[in-house]
J.: 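Encoded as C-alpha cells, here's the structure I'll be asking about.
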Amino acid sequence: MAVQRPSGARSGMSADASGGDAAGVAARSGAVSPGGDGFAPSALGTQEHWDAVYERELRTFQEYGDRGEIWFGEESMNRLIRWMQKHKIPLDASVLDIGTGNGVFLVELAKFGFSNITGIDYSPSAIQLSGSIIEKEGLSNIKLKVEDFLNLSTKLSGFHVCIDKGTFDAISLNPDGAAEKRKQYVKSLSRVLNVKGFFLITSCNWTKEELLDEFSEGFELLEELPTPTFSFGGGSGSSVAALVFQKT
C-alpha cells in the first residue's frame, strides 16, 4: 500500500496516486474533512482499492513482465539508500518496508547488499506480485508477509530501520476514522522499531511541520532529505517531504 506517482503540490492540488487509472489522491482540501484531519476521505485509503490495483498489476506482470511503477520515482529509492550508506547502516541491519507494494524497493536494497530485509503489505496480491518480481530477479534473501500495519501480528518487531513511501499518506485518506488510524500507525511503528532505530518517511500529502507533529511522541527528527522542488506563480516549494526520524 502506497501512494504512487505524486504529480502535484499540497494545499489544493491532487497527486496522481492510483497505480494507473484513478483520478488521484485527494490531497489537502480547503475545508476540514469529516474526520477532522484536513483531508478529503477517499477510496485510495481503503484496502479494497489497493487489492484491485495489485490484482490488476499482478495480471499485467504475469502477461507482460511489467513490474509497475516505482513509488515516488527511482530517485526516491536512491535518496534513501544513499542516506543509509552515508550513515553506515550495517548491511545485515533488519529493515522493514511498510506497505511494500510491488516490492521494487526491496529489490534495490538487496542489490545494494542489504541482507535482512522484510516487506509487508495488507494486500495479498501485492505480496504475490512482490514475490514474483523478487523471484524473477533471482533474489532469495527477502522476507515477505501479508500484514496490516495497523493490526500487526505479535511476531513483527526488532527492526533497526523502517521505511514508508506513501503508506502513511494512504492511511490519511481512509474514509473510516483516519485520525485514529494515524495514531495506531504511530503505535505500531513504536512497537516494531528498536530504540534508537531509524524511520524514513516519504510523503506527498504532509509537510515537514505536519509530520513533526504526527510523530512527536516517541520520535525525534534526525534529518530532512532534499527533494525536488516546483515553481508556480513566482513562488517555489516541494511537492514531497522526506524525513528521517529516530526512536527515542
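Residues take their numbers from the sequence shown, with the count starting at 1.
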J.: Taking only residues two or more places apart in sequence or in another chain, which ones pass side chain to side chain donor-acceptor pair (under 3.5 Å) with Glu214?
T.: Arg182

J.: Check for a donor-acceptor pair, side chain of Gln246 on one end and backbone N or O of Lys196 on the other, with a separation under 3.5 Å.
T.: yes

J.: Short question: side chain of Glu108, backbone of Asn78 - any donor-acceptor pair under 3.5 Å?
T.: no

J.: Is there side-chain contact between Asn205 and Leu173, with at least one heavy-atom pair below 4.5 Å?
T.: yes

J.: Which value, rounded to the nearest 0.5 Å, describes the distance between Lys208 atom NZ and Leu211 atom CG?
T.: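 Result: 10.5 Å between the selected atoms.
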
J.: Taking only residues two or more places apart in sequence or in another chain, which ones pass salt bridge (charged side-chain N to carboxylate O under 4.0 Å, His left out) with Glu217?
T.: none

J.: With side chain to side chain contact (heavy atoms under 4.5 Å, CB included) as the test, would you mind laying out the steps for Phe219 and Val186 before giving the verdict?
T.: CA-CA 9 Å; Phe219 300 89; Val186 177; 4.0 Å; yes

J.: Between Thr202 and Ala242, what is the shortest heavy-atom contact and its length?
T.: OG1-CB, 4.2 Å

J.: Taking it one step at a time, do Ile98 and Phe159 satisfy side chain to side chain contact (heavy atoms under 4.5 Å, CB included)?
T.: CA-CA 12 Å; Ile98 302 168; Phe159 289 93; over 6 Å; no

J.: What's the shortest heavy-atom distance between Ser130 and Gly101, and which atoms?
T.: OG-O, 2.7 Å

J.: Could you walk me through whether Thr100 and Asp121 pass the side chain to side chain donor-acceptor pair (under 3.5 Å) check?
T.: CA-CA 6 Å; Thr100 197; Asp121 203 292; over 6 Å; no

J.: Strictly distance-based, threshold 3.5 Å: is any side-chain N or O of Thr118 a donor or acceptor partner for the main-chain N or O of Lys145?
T.: no

J.: As an exercise, state the distance from OG of Ser123 to CG of Asp148, rounded to the nearest 0.5 Å.
T.: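 Ser123 OG to Asp148 CG: 11.5 Å, rounded to 0.5 Å.
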
J.: Strictly by salt bridge (charged side-chain N to carboxylate O under 4.0 Å, His left out), give each pair with a member in residues 80-96 just once, sequence neighbours left out.
T.: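 Found Glu75-Arg82.
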
J.: Any sub-3.5 Å donor-acceptor pair from Ser94's side-chain atoms to His160's backbone N or O?
T.: yes

J.: Has the side chain of Asp97 got a donor or acceptor atom that lies under 3.5 Å from a matching backbone atom of Gly99?
T.: no

J.: Got a sec, which residues hit side chain to side chain donor-acceptor pair (under 3.5 Å) with Ser188, two or more places apart in sequence or on another chain?
T.: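 Applying side chain to side chain donor-acceptor pair (under 3.5 Å) to Ser188 gives Gln184.
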
J.: Can you find a pair of side-chain heavy atoms, one from Leu152 and one from Glu147, that are under 4.5 Å apart?
T.: yes

J.: Would a distance-only check, ignoring hydrogens and angles, find a side-chain to backbone donor-acceptor pair under 3.5 Å from Ser125 to Tyr54?
T.: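 Flag not set: sc Ser125 to bb Tyr54 has no pair under 3.5 Å.
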
J.: Could I get the full list of side chain to side chain contact (heavy atoms under 4.5 Å, CB included) partners for Glu180, not counting sequence neighbours?
T.: Lys183

J.: Are the side chains of Trp83 and Leu222 in contact, using a 4.5 Å heavy-atom criterion?
T.: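 Yes, close enough: below the 4.5 Å cut-off.
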
J.: Find out whether Asp164 and Leu189 are in side-chain contact, i.e. whether some heavy atom of one side chain is under 4.5 Å from a heavy atom of the other.
T.: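 Side-chain contact under 4.5 Å: no.
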
J.: Got a second to check how far Phe198's CZ is from Glu223's CD, nearest 0.5 Å?
T.: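 The CD atom of Glu223 is 10.0 Å from CZ of Phe198, to the nearest 0.5 Å.
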
J.: Calculate, to the nearest 0.5 Å, the distance between atoms CG and CG belonging to Leu243 and Leu221 respectively.
T.: 5.5 Å

J.: Does the pair Val95 and Asn116 meet the rule for a side chain to side chain contact (heavy atoms under 4.5 Å, CB included), with working shown?
T.: CA-CA 6 Å; Val95 180; Asn116 187 8; over 6 Å; no

J.: Could you please spell out the steps behind the side chain to side chain contact (heavy atoms under 4.5 Å, CB included) verdict for Thr227 and Arg79?
T.: CA-CA 9 Å; Thr227 59; Arg79 181 190 307 128; 3.8 Å; yes

J.: Residues in side chain to side chain donor-acceptor pair (under 3.5 Å) with Arg191, at least two apart?
T.: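 Testing Arg191 for side chain to side chain donor-acceptor pair (under 3.5 Å), a comparison that skips the adjacent residues, returns none.
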
J.: If you compare all heavy atoms of Ala110 against all heavy atoms of Asn141, which two are closest, and at what distance to 0.1 Å?
T.: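 So the two residues come closest at CB-OD1, 4.2 Å.
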
J.: What distance do Ile117 atom CD1 and Ile142 atom CD1 have between them, rounded to the nearest 0.5 Å?
T.: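 Rounded to the nearest 0.5 Å, the CD1-CD1 separation comes to 4.0 Å.
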
J.: Would you say the rings of Tyr122 and Phe149 are close, in the sense that their centroids are separated by under 6.0 Å?
T.: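 No, the ring centres sit 6.0 Å or more apart.
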
J.: Got a second to check how far Met84's CE is from Phe112's CZ, nearest 0.5 Å?
T.: 10.5 Å

J.: Would you say the ring centroid of Phe168 lies under 6.0 angstrom from that of Phe215?
T.: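 Yes.
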
J.: Between Gly119 and Ile127, which heavy-atom pair has the shortest distance, and what is it?
T.: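 Taking Gly119 first and Ile127 second, the nearest heavy atoms are O-CD1, 4.1 Å.
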
